[in-house]
Trainee: 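Below you'll find the structure I mean.
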Amino acid sequence: MTVKVFQEKDVEAAVPFRVMEDDGTADTRLEPELSSEDLHFLYETMVLNRELDDRLLRMQRQGRIGFYLTGLGEEATHIGSTFALEPTDWVFPAYRELGAALVRGFPLVEFVCQIFGNSGDITKGRQMPNHYASPSLRISSLSSPVGTQLPHAAGCAWAAKIKGEKTVAITYFGEGATSQGDFHVALNFSGVFKLPVIFFCRNNLWAISVPLSRQTASRDIAVKAQAYGIAGVRVDGNDVLAVYQVTREAARRARAGEGATLIEAITCRMGPHSSSDDPRLYREEKDLEEWRQKDPIARFQRYLRWKGIWDEAYEKNLREKIQIRIAEAISKGESFPPPPLESLFEDVYSTVPWHLEEQRLELLALRKEAKH
Amino acid sequence: MTVKVFQEKDVEAAVPFRVMEDDGTADTRLEPELSSEDLHFLYETMVLNRELDDRLLRMQRQGRIGFYLTGLGEEATHIGSTFALEPTDWVFPAYRELGAALVRGFPLVEFVCQIFGNSGDITKGRQMPNHYASPSLRISSLSSPVGTQLPHAAGCAWAAKIKGEKTVAITYFGEGATSQGDFHVALNFSGVFKLPVIFFCRNNLWAISVPLSRQTASRDIAVKAQAYGIAGVRVDGNDVLAVYQVTREAARRARAGEGATLIEAITCRMGPHSSSDDPRLYREEKDLEEWRQKDPIARFQRYLRWKGIWDEAYEKNLREKIQIRIAEAISKGESFPPPPLESLFEDVYSTVPWHLEEQRLELLALRKEAKH
Amino acid sequence: MAEMNLIGALNNAIRLEMRRNPSTVVMGEDIAKLGGVFRVTTGLLDEFGPERVIDTPLSEGGIIGTAIGLALYGVRPIVEIQFSDFIYPGYDQIVNELAKYRYRSGGQYSCPLVIRTPSGGGIKGGHYHSQSPESYFIHTPGLKVVMPSDPYDAKGLFLSSVRDADPVIFFEPKRIYRAAKGDVPEEDYTIPLGEAKVRRAGDQVTLLTYGAMVVESLEAAEQANQQGIEVEVVDLRTLLPLDIEAVLSSVKKTGRAVIVHEAPKTCGFGAELSALIMEKAFPYLEAPVTRVTGFDTPFPYALEHDYLPSPARILKGIDYVMHY
Amino acid sequence: MAEMNLIGALNNAIRLEMRRNPSTVVMGEDIAKLGGVFRVTTGLLDEFGPERVIDTPLSEGGIIGTAIGLALYGVRPIVEIQFSDFIYPGYDQIVNELAKYRYRSGGQYSCPLVIRTPSGGGIKGGHYHSQSPESYFIHTPGLKVVMPSDPYDAKGLFLSSVRDADPVIFFEPKRIYRAAKGDVPEEDYTIPLGEAKVRRAGDQVTLLTYGAMVVESLEAAEQANQQGIEVEVVDLRTLLPLDIEAVLSSVKKTGRAVIVHEAPKTCGFGAELSALIMEKAFPYLEAPVTRVTGFDTPFPYALEHDYLPSPARILKGIDYVMHY
Ligand SMILES: Cc1ncc(C[n+]2csc(CCOP(=O)(O)OP(=O)(O)O)c2C)c(N)n1
Ligand SMILES: Cc1ncc(C[n+]2csc(CCOP(=O)(O)OP(=O)(O)O)c2C)c(N)n1
Ligand SMILES: [Mg+2]
Ligand SMILES: [Mg+2]
């Protein structure tokens with residue numbers, strides 16, 4: 001009996017696309033056409049992201065903020081990709097892609113205020129740290145439940161298509177999110193309706209303590225695109241130029257009406273899952289050793305040096321400038337008072353219905369009494 | 001730039017496996033080793049399924065029953081596959097696989113009582129027609145929400161694995177169900193935990209009025225197996241022997257610890273979706289013409305004739321016997337009274353809690369008063 | 001004016017809105033070519049084309065999840081969930097995303113859209129074509145919840161819902177889809193959300209109800225009237241925000257209230273109504289507020305008419321509060 | 001006897017049951033190697049191995065859906081949903097499948113399993129690490145719903161739940177996971193489902209509450225006591241089936257009831273309790289039953305302590321019913 005059974009081997013394993021070698025040299029045929037300013041901007045944004053994460057995680061350790069999530073070691077993934085898009089393209093992040101917001105110019109003070117959840121936070125202190133929103137930058141409102149933003153990105157891209165715009169939507173998520181039903185339905189709708197959306201999976205190998213092998217038995221993440229009739233691509237997630245290139249191509253396809261792309265960027269979550277996590281309970285330091293050699297910032301730095309646009313003076317100056325920006329943002333951001341009590345009842349609906357008004361008055365009365 | 005983008009073409013299109021030619025001849029190398037009794041049983045079950053569906057749909061049209069769902073044209077898919085399993089293997093049907101229950105020897109009277117929802121129904125008239133259950137036959141309790149049985153089948157197979165049994169679970173569903181999150185999570189768990197489960201998709205081209213092209217843009221259904229690291233196979237769903245063969249192979253793999261298989265059986269829903277449906281509103285008679293030529297019963301009949309184990313006398317005798325069985329089952333099944341009023345409150349929990357007891361007494365009192 | 005049933009009135013309302021607002025799309029399973037399993041969207045595909053009248057894959061999570069994205073970027077989705085029993089695969093998207101989007105973004109974003117879905121029993125649909133899940137949504141801050149009981153209201157409430165700044169879950173009592181008939185103006189009109197309607201005036205007992213149970217309640221009121229009891233029937237129409245004034249003014253007048261709904265009793269909307277009346281009209285009560293509801297069992301098939309509140313059961317409730 | 005906190009008591013209970021019943025498995029996200037984000041399952045992997053202590057893919061729908069299949073075929077899953085805020089992707093499996101399996105099969109099948117999940121606020125978790133969704137499940141016939149408030153109860157109620165013939169949603173008040181401490185016997189014992197516990201006796205006002213709000217309620221009762229008001233605090237422990245006798249006997253004694261829970265007010269469990277008291281103890285009431293609950297907003301981050309019922313707010317409620 002010859003039954004044709006598909007198995008993993010039927011699809012040739014895809015070597016992740018890369019532009020830069022570990023030593024910072026690059027295949028010039030693969031290099032993107034980016035100016036020195038662009039390259040510096042990319043580098044500086046990565047460094048800013050790293051420094052900011054580092055600083056805020058330390059502040060959390062000091063008890064000055066309640067919670068924090070870093071993108072340590074994954075900066076190239078979201079910075080390279082967001083930079084490959086137009087400012088009018090939509091971004092639907094998970095919670096680990098601060099760099100994407102920094103590419104868009106998200107003001108540091110606003111970010112810090114969100115971390116503090118104070119009255120300087122444009123989202124009114126409603127959410128945990130790292131859950132910002134910015135309509136003016138076309139960044140969605142972040143949500144904690146893993147994977148829920150994927151259908152939103154697909155829908156947003158659909159809206160662009162309906163409106164006849166060339167706008168693209170990108171959404172970020174970890175490999176853990178690929179296990180959710182929302183991943184499936186979002187990619188499926190995108191395939192059926194040929195939506196201009198980019199599904200950017202940061203395959204950072206861990207979902208809190210759970211390794212990739214417990215998320216899927218598929219050969220890799222990119223191959224899942226086949227299930228939806230969309231394009232799939234693997235990229236070295238620690239190579240910012242490679243990430244830029246595959247995202248540009250995905251955006252080009254989207255704008256040309258060729259539909260959605262699933263990008264799998266292979267990287268590693270170098271830090272704890274969040275400030276609440278203790279990775280020593282489930283993984284060994286030595287598992288990370290190899291990855292430390294591949295640090296995306298160090299690698300990009302070597303590339304810039306190879307290009308002749310990096311030196312120690314530049315680095316020193318950059319780090320200093322960034323430290324000052326961060327210090328200023330924190331001191332300014334920290335200074336805002338908490339959100340006003342009555343803000344608790346706003347924005348549940350466009351206007352406050354009677355029952356919320358009643359609850360508002362009740363709480364305000366109580367606060368008043370407490371003051372006497 | 002050479003970015004490796006996967007696209008549909010990377011996987012060679014799989015020609016559905018088939019054993020029988022349209023004229024009833026077969027490639028002897030592909031034929032299963034089945035006795036004449038087995039072949040007759042398969043044929044007779046298919047005819048029984050067809051006649052029963054036909055009869056009950058007509059009864060629905062006459063207003064004698066409230067609702068009915070047929071498997072018209074798809075008999076080979078579930079009959080061939082269930083027959084390939086052991087009686088101790090679990091079956092998790094959707095709602096269109098009456099034949100699977102008939103293979104297992106589901107008593108016709110019980111089935112009819114379920115259709116009537118009367119006191120002869122072992123499930124106490126709790127569900128709509130076609131939503132039976134049979135623990136003794138290892139058939140799950142059917143549910144209407146599309147796709148929800150898939151994770152159950154995976155979990156049941158998992159239980160078998162945990163217990164160290166060689167039991168396999170099979171679950172049936174239409175191609176519409178592949179769009180649900182439950183499809184994704186069930187196949188994903190099955191891949192990760194290498195579960196002995198068979199996902200049997202009747203790709204009958206329609207989900208009520210919605211054609212296959214609106215369910216997925218993937219090249220076919222079987223290719224979706226790649227996304228989960230499980231086996232995928234396509235089979236001619238109107239070739240009962242081919243269905244038998246691929247299911248046997250999937251069961252062998254499952255029992256050997258090789259994990260799950262997604263079977264895509266290509267067929268066509270020849271009747272209305274259900275007795276509530278009017279297909280003239282969304283598809284043309286001529287769309288079905290080609291499929292009528294491929295009728296799985298007629299084709300299998302030609303095969304049996306080619307094998308020399310079918311003649312007109314056999315057919316006539318068979319049809320008569322079946323008519324009698326059906327008529328008897330209906331007259332017997334129809335004779336049961338409705339379920340008793342108090343049964344409304346049973347089986348919500350293993351015992352009746354106070355609030356349900358209170359509601360029970362209230363209703364019984366009302367009924368009593370009404371009688372006076 | 002034309003006589004329409006609920007289906008016709010809704011079809012007419014959707015059509016008017018799609019003509020008025022080119023940003024609206026209708027999406028769901030079987031809604032385009034088939035016109036919906038209850039035919040509410042019949043003819044829309046022909047008039048507005050496949051870009052605006054969209055048959056989707058079979059996935060409620062995908063429908064609601066993408067609708068949120070559509071709404072975020074200025075498209076106004078009119079979503080059909082084929083039966084409200086099938087809304088749960090999209091439940092996370094509704095309660096964690098749709099309902100919270102405005103709040104969590106500090107009012108910067110909103111997702112105005114309508115989810116239309118037939119609900120309730122009475123059509124021999126068993127567990128999965130009969131549920132009344134309104135309480136789940138009323139308990140979820142950020143959503144508005146509407147359920148009309150006649151064609152005129154259905155149209156006016158739908159047009160308000162589809163123009164509302166907030167997401168609305170719009171339940172359609174499928175049992176009276178065809179049975180409820182009435183004169184409906186062909187032109188555009190709206191009925192504000194949050195306003196109840198007194199369907200029958202009376203000063204001895206208040207019946208608080210909505211959807212298909214309005215019909216049963218009116219029947220019970222009629223029978224009570226034969227016994228000399230004057231029952232006021234208040235059709236809530238919008239469940240959230242509730243028309244608390246209408247509820248209280250009736251109950252304060254009658255001093256007696258019976259709540260009627262199909263959903264299971266425990267933690268159903270009747271519990272909320274009873275608690276509110278307790279809190280706001282306690283001194284006026286001549287008798288405890290009483291609930292006549294579906295039982296706390298899954299919705300049954302064979303015995304559905306014993307499960308559903310009937311005029312007889314409602315009368316018992318009336319009788320109880322009258323003779324307390 | 002050993003002093004344990006809630007986490008320790010639950011860990012101990014799960015361990016005992018896994019030793020006793022080889023059919024039990026523990027499954028969920030991060031529960032094996034990490035021992036759960038709150039460490040409730042710490043050490044189980046070492047003792048029982050990866051076949052019985054299972055880190056699953058990140059999918060609540062998959063976890064709950066496969067757990068149903070496991071239960072159908074005789075394995076007893078102890079499911080952890082990492083936060084109850086994340087239970088909704090499995091909501092359809094819970095309300096349409098798990099809750100109805102026994103009923104729809106005419107009692108031929110059952111799916112006994114426990115879903116353990118931390119719930120409630122107070123840990124600065126914002127919208128998605130603070131919700132109290134118990135009302136959704138209480139409104140769903142076929143489920144039992146439990147929420148302990150101290151280590152002793154947690155162990156005894158868990159052991160009853162995991163041996164119950166029906167599916168149980170077992171909410172763990174994460175706010176007091178570590179704060180609630182007490183003596184807990186090392187050996188096996190059970191506390192029957194459906195029995196409330198009077199945490200503090202009093203004859204002037206009844207506080208009905210559960211979970212972390214028991215602590216706030218006791219604090220409020222203490223303060224009321226200073227003002228000369230004797231408050232009885234009833235910890236419901238099992239929300240469904242409710243210990244109606246305990247509720248009624250207390251309320252009939254005091255004539256005044258205040259209900260305290262974290263979940264939003266509208267259609268929360270407080271509504272049901274209020275309605276039940278109305279229905280069953282109306283003539284005993286000296287004042288309307290009052291609710292002190294979370295507000296009808298999504299759970300906030302910065303202002304969570306203003307959102308949550310506090311002793312001050314509970315005292316206001318007590319004051320209100322005392323001076324009605
Ligand atoms: C629906 C849901 N379930 C569980 C969680 C708890 N949780 C938060 S992050 C996380 C792991 C996410 O892993 P992955 O998707 O790989 O993203 P990464 O954190 O690695 O970037 C889990 C389980 C959640 N936030 N949402
Ligand atoms: C969750 C859910 N959504 C919608 C429906 C309504 N519905 C019943 S059958 C059906 C189509 C199913 O198509 P498919 O899965 O291809 O199976 P087929 O009927 O073709 O055998 C739909 C939409 C449902 N039962 N469940
Ligand atoms: Mg990850
Ligand atoms: Mg189909």
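Given the structure is predicted, the values throughout are model-derived calculations rather than measurements. Protein chains get the first letters and strands the later ones, always in sequence-line order, with residue 1 at the start of each.
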Trainee: Considering only heavy atoms and a distance below 4.5 Å, find which of C:Ala281, C:Gly142, C:Gly268 pairs most often with chain D.
Mentor: C:Gly268
Trainee: For chain C, which candidate among D:Ile277, D:Val289, D:Ile138 shows the most heavy-atom pairs at distances under 4.5 Å?
Mentor: D:Val289
Trainee: Quick check for you: among C:Arg104, C:Arg291, C:His127, which has the greatest number of heavy-atom pairs under 4.5 Å with chain D?
Mentor: C:Arg291
Trainee: Can you tell me which residue among D:Asp243, D:Ile259, D:Leu273, D:Val146 is in a side-chain contact (heavy atoms from CB on, under 4.5 Å) with D:Leu236?
Mentor: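 Option passing the side-chain contact (heavy atoms from CB on, under 4.5 Å) with D:Leu236: D:Leu273.
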Trainee: Can you check whether C:His261 reaches C:Pro309 side chain to side chain, under 4.5 Å on heavy atoms?
Mentor: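 A side-chain contact is absent here, since even the closest heavy-atom pair is not under 4.5 Å.
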Trainee: What part of D:Val95 gets within 4.5 angstrom of chain C, counting heavy atoms only: side chain, backbone, both, or neither?
Mentor: side chain
Trainee: Under a 4.5 Å heavy-atom cut-off, does chain C meet the side chain of D:Lys280, its backbone, both or neither?
Mentor: neither
Trainee: Is a side-chain N or O of C:Glu97 found less than 3.5 angstrom from the main chain of C:Asp92, in a donor-acceptor match?
Mentor: no
Trainee: With chain C, which of D:Gly126, D:Ala287, D:Pro133 has the greatest number of heavy-atom pairs at distances under 4.5 Å?
Mentor: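 Among the listed options, the one with the most contacts to chain C is D:Ala287.
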Trainee: Does any N or O in the side chain of D:Arg256 come within less than 3.5 Å of the main-chain N or O of D:Glu286, such that one atom is a donor and the other an acceptor?
Mentor: no
Trainee: Highest number of heavy-atom pairs under 4.5 Å with chain C: which of D:Pro89, D:Ala99, D:Pro264, D:Pro288?
Mentor: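 Most heavy-atom pairs under 4.5 Å with chain C: D:Pro288.
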Trainee: Determine the option with the most heavy-atom pairs under 4.5 angstrom with chain C, choosing from D:Lys265, D:Gln93, D:Glu279.
Mentor: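 Answer, by heavy-atom pair count under 4.5 Å with chain C: D:Glu279.
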Trainee: When the ring planes of C:Tyr91 and D:Tyr91 are compared, do they come out parallel, tilted or perpendicular, using 30° and 60° as the limits?
Mentor: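 Rings of C:Tyr91 and D:Tyr91: parallel, under 30°.
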Trainee: Could you check whether any side-chain N or O of C:Ser84 sits under 3.5 Å from a backbone N or O of C:Pro118, counting only pairs where one atom can act as donor and the other as acceptor?
Mentor: yes
Trainee: D:Thr206 and D:Ser250: side-chain donor and acceptor closer than 3.5 Å?
Mentor: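 Yes - a donor-acceptor pair under 3.5 Å links their side chains.
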Trainee: Out of C:Cys267, C:Ala271, C:Pro283, which one racks up the most heavy-atom pairs below 4.5 Å with chain D?
Mentor: C:Cys267
Trainee: Of all of D:Ala263, D:Gly270, D:Gly61, D:Ser274, which one pairs up most often with chain C through heavy atoms under 4.5 Å apart?
Mentor: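 Looking at each option in turn, the highest pair count goes to D:Ser274.
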Trainee: Mind ranking C:Phe269, C:Tyr128, C:Tyr320 by heavy-atom pairs under 4.5 Å with chain D and telling me who comes out on top?
Mentor: C:Tyr128
Trainee: Looking at the rings of C:Phe171 and C:Tyr210, which for Trp means the six-membered one, are their centres under 6.0 Å apart?
Mentor: no
Trainee: Can you tell me if D:Gln131 and D:Tyr136 form a side-chain donor-acceptor pair at under 3.5 Å?
Mentor: no
Trainee: Please rank C:Ile87, C:Thr140, C:Leu240 by heavy-atom pairs under 4.5 Å with chain D and give me the top one.
Mentor: C:Thr140
Trainee: Using a cut-off of under 4.5 Å on heavy-atom pairs, state which of C:Asn96, C:Thr290, C:Thr297 scores highest against chain D.
Mentor: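 Most pairs with chain D among the choices: C:Asn96.
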